There are 2 protein chains.
Amino acid sequence: MKVLKQRSTCPISTALDVLGDKWVLLILRDMVFAGKSTYGQFLQSAEKMATNILADRLAVLESQGILNKAVAADKKSKFTYRLTEKGVDTVPLIIELVLWGAKHCPTIIDPRLLAELQDEKAAAVEKYKQLARDMARA
Amino acid sequence: MKVLKQRSTCPISTALDVLGDKWVLLILRDMVFAGKSTYGQFLQSAEKMATNILADRLAVLESQGILNKAVAADKKSKFTYRLTEKGVDTVPLIIELVLWGAKHCPTIIDPRLLAELQDEKAAAVEKYKQLARDMARA
DNA sequence: TCAAAACACTTGCAAATTGCAAGTGAAAAT
DNA sequence: ATTTTCACTTGCAATTTGCAAGTGTTTTGA
């Protein structure tokens, strides 16, 4: 059981104690926007995270109740990671990261997705939260 | 001039290359919600960041165009750091961090601030963006 | 049925980053 | 003139990262 130290009682600081890590948020991105759920799928991302870092971050996220680990339905040797409701609640944060990155950094993004997030943010947040929930049940 | 390496062309990943750091976001928090603008003020936060880390992160934020450094109006030995519009645009992200932290972690927050952020998020985002802009002119 | 492949990690280690304490140098106050 | 304030810098031990290789179960396929 991974234990994180809380630096203060500030909500921002405490949120950052777990979410203030590049790899953690890329895992959440892959779950929300790419529907990924296994160790092998997370390793295939463009950012090439190291295997030990991935294992460590999955353990942190599980111990923090942001995702659940379970044996896959089809294979006993496979695990699936699913978002809890606490994990689903990071969707608005991830969407703000998309919007900031797309506006201020040189990046590549599907223009339709960007338009959807910009023009109907509240609806898009609900849509991706629900998608994340549906995947968690699958 | 600090150079950051971009891990991919994904907007989330690229945003995280600069914002995916606990100390960077605490500096932005202090500017937006506490109106801080000097090296000495940042050092006084509850999280006690080390002096060398603070100097490093301020240099990163300046080189990324998120804040500007200028000699203070009153004293030549003092610098003031102010948010650029790129920095002001992190306000929605910071507000999502507040909401997630307050909802899912044991933290302490003024109930009126929380209610304001929860019940009228869009208006609150605009309000704090404008406050941040006004401080940048002061 | 038995060897090979897939899958999810673990381990070892060099290199980079962090956190702490102390030091530096210029301007302000006394 | 001297002390204090302010904004850093430096040195160094300890932690964390990133890379490559290895381990131990399933599962697939001949």
Side-chain angles (χ1 to χ4, degrees), chain A residues 1-8 13 16-27 30-31 34-64 67-82, chain B residues 1-8 13 16-27 30-31 34-64 67-82:
Chain A
M1 174 78 164
K2 285 263 167 190
V3 179
L4 297 181
K5 64 167 172 247
Q6 186 167 346
R7 290 172 296 176
S8 76
S13 173
L16 288 171
D17 287 335
V18 48
L19 299 180
D21 176 272
K22 300 170 204 254
W23 299 119
V24 158
L25 281 158
L26 289 182
I27 292 170
D30 284 348
M31 298 185 83
K36 294 185 183 177
S37 63
T38 68
Y39 187 94
Q41 289 176 324
F42 296 130
L43 281 183
Q44 284 158 31
S45 300
E47 294 83 11
K48 299 287 167 216
M49 93 178 80
T51 57
N52 53 345
I53 304 290
L54 174 58
D56 178 82
R57 295 307 190 277
L58 286 172
V60 169
L61 286 168
E62 193 190 2
S63 80
Q64 295 301 310
L67 47 79
N68 286 319
K69 179 182 187 174
V71 175
D74 51 336
K75 296 182 188 180
K76 254 188 291 190
S77 68
K78 219 169 160 178
F79 293 105
T80 40
Y81 296 91
R82 303 291 187 189
Chain B
M1 174 79 163
K2 285 264 169 190
V3 179
L4 297 181
K5 64 167 172 246
Q6 186 167 347
R7 290 173 297 177
S8 75
S13 173
L16 289 171
D17 287 335
V18 47
L19 300 180
D21 176 272
K22 300 170 204 255
W23 299 118
V24 158
L25 280 158
L26 289 181
I27 292 170
D30 284 347
M31 296 184 84
K36 295 184 183 178
S37 64
T38 68
Y39 186 94
Q41 289 176 323
F42 296 130
L43 280 183
Q44 283 157 31
S45 300
E47 294 83 9
K48 298 287 166 216
M49 90 178 84
T51 57
N52 53 343
I53 303 290
L54 174 59
D56 178 82
R57 295 307 191 275
L58 287 172
V60 169
L61 285 168
E62 193 191 2
S63 79
Q64 296 300 310
L67 48 79
N68 287 319
K69 180 180 186 175
V71 175
D74 50 336
K75 296 181 187 180
K76 253 188 291 191
S77 69
K78 217 169 162 179
F79 293 104
T80 39
Y81 295 91
R82 302 291 186 188

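In the text below, chain A, chain B and the rest are named by the order of the sequence lines, each starting its count at 1. Note that the coordinates shown come from a computational prediction; the quantities given were computed from them, not determined experimentally.
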Check: How many Å lie between CG on B/Leu26 and P on C/dG19, as a whole number?
Finding: 11 Å
Notebook entry, point to check: If you look at every strand shown and take non-hydrogen atoms under 4.0 Å, does B/Lys69 touch a base, only sugar-phosphate, or nothing?
Noted result: sugar-phosphate
Notebook entry, point to check: Would a distance-only check, ignoring hydrogens and angles, find a side-chain to backbone donor-acceptor pair under 3.5 Å from B/Tyr39 to B/Thr51?
Noted result: yes
Next item on the list: Kindly compute the distance separating CZ (A/Arg57) from CH2 (A/Trp23), expressed to the nearest 0.5 Å.
Entry: 9.0 Å
Item checked: Any residue meeting side chain to side chain contact (heavy atoms under 4.5 Å, CB included) with A/Asn52, in chain and number order, not counting sequence neighbours -> A/Ala50
Item checked: A/Gln44 CD - C/dA6 P separation (whole Å) -> 12 Å
Notebook entry, point to check: What is the distance, rounded to the nearest whole Å, between atom CG of A/Leu58 and atom P of C/dC9?
Noted result: 7 Å
Check: At under 4.0 Å, does any side-chain N or O of B/Trp23 touch on OP1 or OP2 of C/dT18?
Finding: no
Check: Quick one: A/Tyr81 OH to C/dC7 C1', roughly how many Å, whole number?
Finding: 11 Å
Checklist line | Closest-nucleotide 5' rank along DNA chain D - winner of B/Asn52 and B/Thr38 | finding: B/Thr38
Check: Which letter, B, S or -, goes with each nucleotide of nucleotides 23-30 of chain C from 5' to 3', with contact meaning a protein heavy atom under 4.0 Å?
Finding: ----SS--
Note to self: What is the separation between atom CG on B/Leu54 and atom P on C/dT17, rounded to the nearest whole Å?
What the structure shows: 18 Å
Check: Whole Å only: how far is the CG atom of A/Asp56 from the P atom of C/dC9?
Finding: 12 Å
Next item on the list: Could you tell me whether a side-chain N or O of A/Asp30 sits under 3.5 Å from a main-chain N or O of A/Gln41, the two making a donor and an acceptor?
Entry: no
Check: So where does chain B start and stop touching DNA chain D, 5' to 3', when the test is distance under 4.0 Å to a non-hydrogen atom?
Finding: D/dC6 to D/dG11
